[in-house]
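Data block below; observations after.
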Protein chains: 2
Amino acid sequence: MKISELATKSQINAKTIRYYEQVGLLKAPQRASNGYRHYQPGDVDTLIFIRRCRELNIPLDDIKRLVEVQADPNASCAVVDKIIAEQLAQVQRAQRELALLEQSLQTLASCSAEQVEKCSILHKLKAP
Amino acid sequence: MKISELATKSQINAKTIRYYEQVGLLKAPQRASNGYRHYQPGDVDTLIFIRRCRELNIPLDDIKRLVEVQADPNASCAVVDKIIAEQLAQVQRAQRELALLEQSLQTLASCSAEQVEKCSILHKLKAP
DNA sequence: CTAAAGGTTACAGCGACAGGAAGGTCAATA
DNA sequence: TATTGACCTTCCTGTCGCTGTAACCTTTAG
């Protein structure tokens, strides 16, 4: 199939697919005589897998390792486990940071002053 | 004062200070005869203000507007209010997204299989 | 025959810096 | 005086995961 069909079936932009090939996440497909990329049905599954990983915010480099691990039946599952655990830890770190951020922003409250000289928000931002 | 002193006092990297000047967030300072940037004491306050805003994850473009508003005593406080409110809303959106992400990652659980063929994580990633 | 739709490459831009190269300047020391 | 080391300058590149654009070629439909 051509790239647009793969894009539709995998729900990934054709440009993104070319990008994935460029960065080595997706292996280069065969080319037709006109230079068009020609994909196999299995490529749809690979891309759907990649998309699910991206929806979990997993970095491309990690996804690359997940894809490689799948190609090697002797590979240990520990690699997969570690990547997912790290991703979870990172999400939890980000959550804690955002919670602090939210608190800080809320203490700024909203300002109903008319002129910036009396603006309570700016006042607090200048001297916390 | 020279840039390194400003960097120390404001707790902002000298490279970052030059970058802020480049993108128009910080006005270009006077130059000494040797070409060195020469800053005024007030610049410390401006940079500390900028740093506090950055700690709240406020984008440089918005900080730029906050700085401009402070220079204009007739400016309305509504601008400030809007920027902070939007920032808060964005942080809250991000929090909701991360909560969903965390859930999804947790349903993948951890995998104790030895071989990737039996890996429950990969299994779930392939067919959710 | 022509126009639209789809394919190709290559390059630039996003945000907010950080790293490094290559060179000029300054103060202190041997 | 020569040199060392710290500091300053500009300019360029890389980060991450794409997306937009330009310029061009191929296929398909009317």
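Each chain gets a letter, A, B and so on, in the order its sequence line appears, and its residues count up from 1.
Contacts with DNA chain D (heavy atom under 4.0 Å) in residues 8-22 of chain A: A:N13, A:K15, A:T16, A:Y19, A:Y20, listed by number. Residues from residues 58-68 of chain A that place a heavy atom under 4.0 Å from any atom of DNA chain D, listed by number: A:P59, A:L60.
Rounded to whole angstrom, the span from the CZ atom of A:R37 across to the C1' atom of C:dG6 amounts to 13 Å. Nucleotide D:dC8 holds its P atom 10 Å from the OH atom of B:Y39, rounded to whole Å. Separating the NE2 atom of A:H38 from the P atom of C:dG6 is a distance of 19 Å, rounded to the nearest angstrom. Rounded to whole angstrom, the span from the CD1 atom of B:I50 across to the P atom of C:dG15 amounts to 17 Å. Whole-Å rounding puts the A:R31 CZ to C:dG6 P distance at 19 Å. When rounded to the nearest whole Å, the span between CG of A:L25 and C1' of D:dC16 equals 13 Å. Atoms CG (A:N34) and C1' (C:dA5) sit 14 Å apart, rounded to a whole Å. Distance CD (A:E5) to P (C:dA5): 19 Å, rounded to an integer number of Å.
Note on the helix from C:dC1-D:dG30 to C:dA30-D:dT1: terminal axis deviation equals 30°, with five pairs used at each end and the result rounded to 10°.
If you find the closest nucleotide of DNA chain C to B:N57 and to B:K2, the one lying nearer the 5' end belongs to B:N57. Each of B:Y36 and A:Y36 was assigned the nucleotide of DNA chain C with the nearest heavy atom; the assignment lying further toward the 5' end belongs to A:Y36.
No donor-acceptor pair closer than 3.5 Å links the side chain of A:R65 to the backbone N or O of A:V79. Side-chain atoms of B:T16 do not come within 3.5 Å of backbone N or O of B:I12 as any donor-acceptor pair. Without hydrogens or angle criteria, A:R52 side chain to A:L56 main chain gives no donor-acceptor distance under 3.5 Å. In this structure, A:R54 contributes its side chain and A:I58 its backbone to a donor-acceptor pair below 3.5 Å.
Both B:L47 and B:V23 belong to a common hydrophobic cluster when Ile, Leu, Val, Met, Phe, Trp and Tyr are linked at side-chain heavy-atom distances under 4.5 angstrom. Both B:I121 and A:I48 are part of a single hydrophobic cluster, where members link through side-chain heavy atoms under 4.5 Å apart. Hydrophobic clustering of Ile, Leu, Val, Met, Phe, Trp and Tyr side chains at less than 4.5 Å, counting indirect connections, keeps B:Y36 apart from B:M1.
Neither OP1 nor OP2 of C:dG15 sits under 4.0 Å from any side-chain N or O of B:R54. Distances shorter than 4.0 Å separate none of the side-chain N or O atoms of B:S4 from OP1 or OP2 on D:dA6.
Around CD of A:E117, the count of heavy atoms belonging to other residues, nucleotides or ligands within 6.0 Å does not exceed 12.
With respect to A:E21 and A:R37, a salt bridge is recorded, a charged nitrogen being found less than 4.0 Å from a carboxylate O. Of the charged side-chain nitrogens involved, none lies within less than 4.0 Å of a carboxylate oxygen, so that A:E97 and A:R93 do not count as a salt-bridged pair.
Candidate nucleotides D:dC8, C:dT8, D:dT9 were compared by shortest atom distance to the side chain of A:I3, and C:dT8 ranks first.
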For this session: I would like to know whether A:I83 and A:V69 meet side-chain contact (heavy atoms from CB on, under 4.5 Å); could you show each step before the answer?
Result: CA-CA 12 Å; A:I83 289 175; A:V69 151; over 6 Å; no

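Under the 3.5 Å distance criterion, with hydrogens and angles disregarded, a donor-acceptor pair is assigned to the side chains of B:Q92 and A:E102.
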